[in-house]
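Start at 1 and go down the list; that is how both ligands and their atoms are numbered. All heavy atoms count here, side chains included; hydrogens, waters and symmetry mates do not.
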Amino acid sequence: MSVTKHKELLAWVEEIQAMCKPDEVVWCDGTKEEYDRLMNEMVESGMAIKLNEDKRPNSFLFRSDPSDVARVEDRTYIATRKQVDAGPTNNWIDPVELKKTMTELYDGCMRGRTMFVIPFSMGPVGSPIAKVGIEITDSPYVVVNMHIMTRVGQPVLDVLGEDGQFIPCLHSVGKPLGPGESDNGQWPCAPIEKKYIAHFPEENLIWSFGSGYGGNALLGKKCLALRIASALARREGWMAEHMLILRLTSPEGKQFHIAAAFPSACGKTNLAMMVPTVKDWKVECIGDDIAWMKIGPDGTLRAINPESGFFGVAPGTNYKTNPMAMETVKENSIFTNCVLTDDGDIWWEDMDYVAEHGIDWKGNEWTPDSGRNGAHPNARFTTPAAQCPIISENWEDPAGVPIDIFIFGGRRSDVMPLVHEAVDWDHGVFMGASAASEPTAAALDVKKKIRRDPMAMLPFAGYNIGEYWQHWFEMGDKLGDKQPKIFYVNWFRRDENRKFIWPGFGENSRILKWMCERVDGKADAVETPLGFMPQVKDIDIDGLDMDTKALEGILEIDREAFVSEFEDLDEFMQPVGDKLPKRMKNQIERFKDRMKNS
Ligand code: O2Y
Ligand code: MN
């Protein structure tokens, strides 16, 4: 008996089966039995390693192919009929041409493998903000990760009914097996020139080929929840953003909901589940990566986290930087490209202790003296959000939480002060659009000191970036007096010895407190050419071990430094051409004028 009567879905699955020619087809039910069965099979085949049950219960380690360790932006495409609709920030190929190329690659690509059909919901099943996707994949690693990152199984098919809308997501590792051939415990993938992460926003369709890793393969995440959803959100009048969501509760019990966008390597997951140092304020986590936001019946902007797990960067995560993540990954987690320790646990660089010996992410013996990293810098944990000790009890509320505050930011060792506030919505949109970060060691771009990453959406806006900004302006108009306040932060200022000036982590709660008090009209600020800014007296520094002069220093603005970046800003905006909204042009002019003349 079929698991669904949805004719369009059944026809699509048949069509893909005929093209990819798998040995068998399995419809995933999302149950624990299914998860355990697939994990057992992968342990048997040598693809997965079961970790020591006493150290890390029900947890597994995978090692990817060394060529398949991260998202491949150069091989990621937005295929729209007209190139202008993908815009200057996306790779573009004509959809007919791309489908032809990929169809040839997909032909017979699942031979010798099982084709899994994964019905999944992004967002609580049945929420008015949620969307249903169906991922077809030949990777059991993808299935078990999707179990954690999304809601999988029959309830999703029930919501879909016989004619509900779904987003088809096709994925193959791109390595068919010959008769009697097996992977032999090796991670299957295709060479880089055959990898394609393709999005067809005009058809709400995703085709991914050749990579089994993270954002390239777990298609609910970056492909659906950001690239396709951002295009869909614009058409339908909502927002799909690369933002964490947290709730901050004041000592009086007043709740504030914050959505914050930072480029990678700026501590998004750390902020999402921070332990605040500011007295009697409480943080609860709702999401660490993606926010879907719709205007609710009361006119407020309601946000849900469409995911149900965290796919976090492991290296650098420890009890100082992110104690709640460390607690979350204690069990029921999947680790990819970490060190296997001699006692059957996992380890990564900058964990709270130094492992003496282990097997590195490439499967070789490793000690701290080996002169190389044990874990890959983009090693990951996949872990259920429900296990986070400070997950909010409302994190799965289908109605979402009302957003009071947006935060943008970036990593800058100089120029950008600790915090500033937009004078109004349009100014805030400009702040987000011009956000910039210094490349980290992992992505060193020697030619440029800063990389613009508007709203942290540079690799994720699934349509023309100028139209994306216009959508932001229009959402502000619709929200009217219910607009969230917009702020910009830079936790990463350094002194003359390259030491961080601001202590960061839990101490960031002091800045969040000031923001909440601004929302409440209780905190002061001074107007500057950059926007509203606090003075030291406006920030709660009780118990903060920091020189007041140093804090004063990072709350000042250096107008000349901003003026010297005008050229970079113009260079970034110029390719947007006719699609650059008038309101953005206005903001750029006003910003320049304030910096030069006020
Ligand atoms: O490297 C990957 O495939 C993962 S990328 C990722 C994962 C979780 C959250 N954010 C990101 C990102 O690139 O923004
Ligand atoms: Mn992200």
Side-chain angles (χ1 to χ4, degrees), residues 62-76 122 137 139 141-142 145-146 148-150 171 173 187 189 192 195 197 206 208 210-227 229-230 240-245 259-273 285 287-292 305-317 322 325 328-329 333-338 348 361 375-385 407-411 435 437 439-440 442-443 451 453-462:
F62 288 81
R63 295 190 193 115
S64 79
D65 187 274
S67 70
D68 199 24
V69 291
R71 289 188 295 100
V72 282
E73 286 182 18
D74 285 355
R75 307 292 306 171
T76 299
M122 297 310 290
T137 179
S139 163
Y141 169 83
V142 165
N145 275 272
M146 289 291 283
I148 296 178
M149 295 304 296
T150 72
H171 170 252
V173 294
W187 175 277
C189 61
I192 185 77
K195 287 183 167 75
I197 318 300
I206 300 164
S208 165
S211 166
Y213 202 86
N216 303 328
L218 311 178
L219 301 186
K221 194 172 182 56
K222 302 298 180 180
C223 298
L224 192 160
L226 287 177
R227 298 195 191 95
S230 61
E241 298 298 329
H242 190 199
M243 289 180 166
L244 66 89
I245 311 168
F262 302 107
S264 54
C266 289
K268 212 147 121 253
T269 302
N270 298 348
L271 188 69
M273 48 190 91
C285 176
D288 80 328
D289 196 39
I290 298 173
W292 281 2
N305 169 10
E307 303 188 281
S308 56
F310 306 127
F311 187 65
V313 179
T317 305
N322 196 338
T328 310
V329 302
S333 298
I334 299 171
F335 298 89
T336 307
N337 289 345
C338 300
W348 49 70
W361 71 277
H376 186 276
N378 194 37
R380 296 273 166 174
F381 52 76
T382 319
T383 194
I407 308 178
F408 297 116
R411 172 185 287 269
S437 223
T440 55
R451 186 192 301 265
D453 188 352
M455 284 84 171
M457 284 289 277
L458 191 69
F460 305 123

For ligand 1, list all ligand N or O to protein N or O distances below 3.5 Å, rounded to 0.1 Å.
residue  : atom   : partner : partner atom : Å
ligand 1 : 1 (O)  : R71     : N            : 3.4
ligand 1 : 1 (O)  : N378    : ND2          : 2.8
ligand 1 : 3 (O)  : G215    : N            : 2.8
ligand 1 : 10 (N) : K222    : NZ           : 3.0
ligand 1 : 10 (N) : D289    : OD1          : 3.3
ligand 1 : 10 (N) : D289    : OD2          : 3.4
ligand 1 : 13 (O) : R71     : NE           : 2.9
ligand 1 : 13 (O) : R71     : NH2          : 3.0
ligand 1 : 14 (O) : K222    : NZ           : 3.0
ligand 1 : 14 (O) : H242    : NE2          : 3.2

Atom of R411, atom of S437 and distance for their closest heavy-atom approach | N-OG, 2.7 Å
Examine distances only and state if a side-chain atom of H171 and a backbone atom of S211 form a donor-acceptor pair shorter than 3.5 Å.
-> yes
On the 0 to 90° scale, with breaks at 30° and 60°, tag the W348-F381 ring pair as parallel, tilted or perpendicular.
-> tilted
Closer than 2.8 Å to the Mn ion (ligand 2), how many protein N/O/S atoms do you count?
-> 3
Out of W187, Y141, Y213, W361, which one pairs with T336 under the side-chain hydrogen bond (donor to acceptor under 3.5 Å, both in side chains) rule?
-> Y141
Which atom of I148 lies closest to which atom of P384, heavy atoms considered | CG2-N, 3.5 Å
H242: which of F460, F408, W292, F262 passes ring pair (Phe, Tyr, Trp, His ring centres under 6.0 Å) | F460
Quick one: CG on L244 to OG1 on T269, what's the gap to the nearest 0.5 Å?
-> 8.0 Å
Got R227 and T76 here, is their nearest side-chain heavy-atom distance under 4.5 Å?
-> yes
Do you see a donor-acceptor pair shorter than 3.5 Å between the side chains of S208 and N216?
-> no
